[in-house]
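In what follows, every chain begins at residue 1, and chains take the letters A, B, ... in the order their sequences are listed.
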There are 2 protein chains.
Amino acid sequence: MSSPSPKLALFEQFALVAKTLGHPQRLELIEQLGQGPRSVDLLAEKLGSPIANVSQHLQSMRRAGLVAAERQGKYVVYRLADASVLAAMQAIQRVAENNLAEVDKIVRGYFDQRDSLEPITRAELSDRLRDDMVTVLDVRPADEFALGHVPGALNVPLAELDARLATLDPEKDIVAYCRGAYCVMSFEAVSRLRVQGFRARRLEDGMPEWAAAGNAVAS
Amino acid sequence: MSSPSPKLALFEQFALVAKTLGHPQRLELIEQLGQGPRSVDLLAEKLGSPIANVSQHLQSMRRAGLVAAERQGKYVVYRLADASVLAAMQAIQRVAENNLAEVDKIVRGYFDQRDSLEPITRAELSDRLRDDMVTVLDVRPADEFALGHVPGALNVPLAELDARLATLDPEKDIVAYCRGAYCVMSFEAVSRLRVQGFRARRLEDGMPEWAAAGNAVAS
DNA sequence: CAATAACTCAATAGAATTATTGAATATAAC
DNA sequence: GTTATATTCAATAATTCTATTGAGTTATTG
């Protein structure tokens with residue numbers, strides 16, 4: 001805690017933020033919180049981790065200015081501190097995407113269809129939405145959909161995709177979105193839809209970005 | 001290295017990037033490399049750290065995709081992997097700036113004049129440069145200036161500021177820039193210039209950002 | 001006012017990170 | 001070739017981080 005120069009003191013604060021972002025589980029928490037405020041309980045369930053563990057991660061994230069907490073009855077509800085947190089996570093993803101061969105390998109290695117990787121931009125989707133030419137698929141689990149989603153989106157959780165193929169209009173293009181840019185469920189959904197002959201693409205990023213871009217979140 | 005789900009594998013890669021950003025010394029290295037490629041030797045001298053230590057940090061940064069290295073004669077020259085690295089560092093600074101009271105405290109606590117904190121934007125500076133109404137001061141040490149700077153800037157290292165006050169035109173506004181947005185030398189310079197009656201402000205960010213915005217770097 | 005649920009706290013052991021030291025390697029200069 | 005310089009490597013000890021466990025708090029429910 002003893003920092004002689006203000007420069008070092010500042011860099012220590014910046015490092016605290018970055019270091020706190022540097023843990024997979026905490027990134028997952030940010031991904032979840034990007035969709036809206038959540039209780040410790042629910043987050044722990046989503047991550048499949050012990051509550052005490054998640055609680056500690058959340059507290060270190062609060063100390064680093066990444067999240068804020070508020071008690072609501074018997075729950076403590078955490079939310080992202082502000083939009084800059086998602087921006088920082090995206091900036092980090094961008095670095096990894098550009099410069100780590102491993103990232104490319106993981107994405108390409110897991111999904112066989114190359115074209116399933118080509119995303120559609122938000123602007124493009126907005127255009128085509130006006131003409132009603134496209135079905136927007138929210139492939140997150142039903143409980144996450146229920147807690148907030150983009151208006152007009154159809155909730156088809158990945159687990160139910162096969163069962164609900166018949167209800168999808170094969171004449172329309174399909175755009176699938178998920179939690180965030182690297183939520184793999186949208187990759188998987190598009191891959192499987194294409195095998196079935198649908199014209200499907202995934203949105204370049206997920207719920208929080210699209211909601212932030214002016215599409216109100218329906219609860 | 002055993003990652004069952006591709007999702008976790010991806011998040012581990014992202015975490016690697018963030019974790020590697022999470023150390024003050026490595027952030028300082030990025031600040032230095034933001035100004036241009038540098039040898040291990042020079043970086044170690046700038047940071048005042050043992051060469052072996054800096055070398056190890058640089059190597060971990062290379063593994064995380066933050067920097068690239070190239071041997072040039074007996075030197076090994078490191079550079080930032082790409083522009084996304086600086087963007088990520090800025091995004092992290094933004095989070096700290098918005099959400100950590102400590103950052104505000106450090107900046108405001110160290111410099112007494114509040115108005116010295118109000119930065120001028122790049123766009124504003126560009127406008128006023130056309131009318132030749134402003135002196136642009138590069139307050140970095142002479143060796144860093146020599147390795148690359150913004151054309152038209154006057155190099156007045158902080159250490160020589162007092163001695164060179166007489167050579168500055170008191171009729172013109174002064175804009176001071178430094179290494180990056182949080183390089184404290186520009187704060188200090190503006191503060192001291194104001195005490196002497198100059199109309200001085202600092203640029204909202206530093207060398208790399210301004211150079212990236214289309215102002216070629218002169219060597 | 002118990003009983004329960006949600007969360008935090010404290011303590012601990014294991015793992016990872018860091019700085020330091022001195023040896024090893026690669027290149028250039030002589 | 002020998003020497004000097006720049007960098008990396010390897011080994012170590014000190015520190016920090018992480019997950020786990022169980023106990024302690026706060027708030028709701030009956």
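In this structure, Phe145(A) and His149(A) have parallel ring planes: the angle between them is below the 30° cut-off, well short of the 60° mark.
Residue Glu70(B) contributes atom CD, which lies 16 Å from atom C1' of dA26(C) at whole-angstrom precision. Atom pair Arg38(A):CZ and dC7(C):C1' shows a separation of 18 Å (rounding to whole Å applied). Going from atom CD of Gln59(B) over to atom C1' of dA10(D) covers 12 Å, rounded to whole Å. The distance between atom NE2 of His23(B) and atom C1' of dA16(C), rounded to the nearest whole Å, is 13 Å. Between the C1' atom of dA16(C) and the NZ atom of Lys19(B) lies a distance of 8 Å, rounded to the nearest Å. Remark: P of dT8(C) and OH of Tyr75(A) are 14 Å apart, rounded to the nearest angstrom. Atom-to-atom, CG of Asn53(A) to C1' of dA13(C) comes out at 15 Å; the value is rounded to the nearest Å. In this structure, the CD1 atom of Ile51(A) is 13 Å from the P atom of dT20(D), given to the nearest Å.
For Tyr78(A), the listed nucleotide lying nearest its side chain is dT8(C); candidates were dT8(D), dA6(C), dT8(C). Comparing dA19(C), dT7(D), dT20(D) by their nearest atom to the side chain of Pro50(A) picks out dT20(D).
Position along DNA chain D of the nearest nucleotide to Ser60(A) versus Lys74(B) favours Lys74(B) as the more 5'-ward residue.
Contact annotation for Gln72(A): no contact, since no heavy-atom pair falls under 4.0 Å across all strands. In this structure, Ser49(B) reaches neither bases nor backbone, as no heavy-atom distance under 4.0 Å exists between it and the strands shown. The residue Arg62(A) sits apart from the nucleic acid: no heavy atom pair falls under 4.0 Å. Nucleic acid contact for Gln56(B): base, since at least one base atom lies under 4.0 Å from a heavy atom of the residue.
For dA19(D), one of the phosphate oxygens OP1 or OP2 lies less than 4.0 angstrom from a side-chain nitrogen or oxygen of His57(A). Proximity of Arg71(B) to the phosphate of dA6(D): no side-chain N or O atom is located under 4.0 Å from OP1 or OP2. Distances shorter than 4.0 Å separate none of the side-chain N or O atoms of Ser55(A) from OP1 or OP2 on dC7(C).
Using a 3.5 Å distance cut-off with no hydrogens or angles, the side chains of Gln59(A) and Ser55(A) do pair a donor with an acceptor. One side chain, Tyr182(B) or Glu97(B), offers a donor N or O that lies under 3.5 Å from an acceptor on the other.
Between Val139(A) and Ala176(A), the shortest heavy-atom distance links the atoms CG1-CB, 4.2 Å.
Screening Leu158(A), Leu161(A), Leu193(A) for a side chain to side chain contact (heavy atoms under 4.5 Å, CB included) involving Glu188(A) leaves a single residue, Leu158(A).
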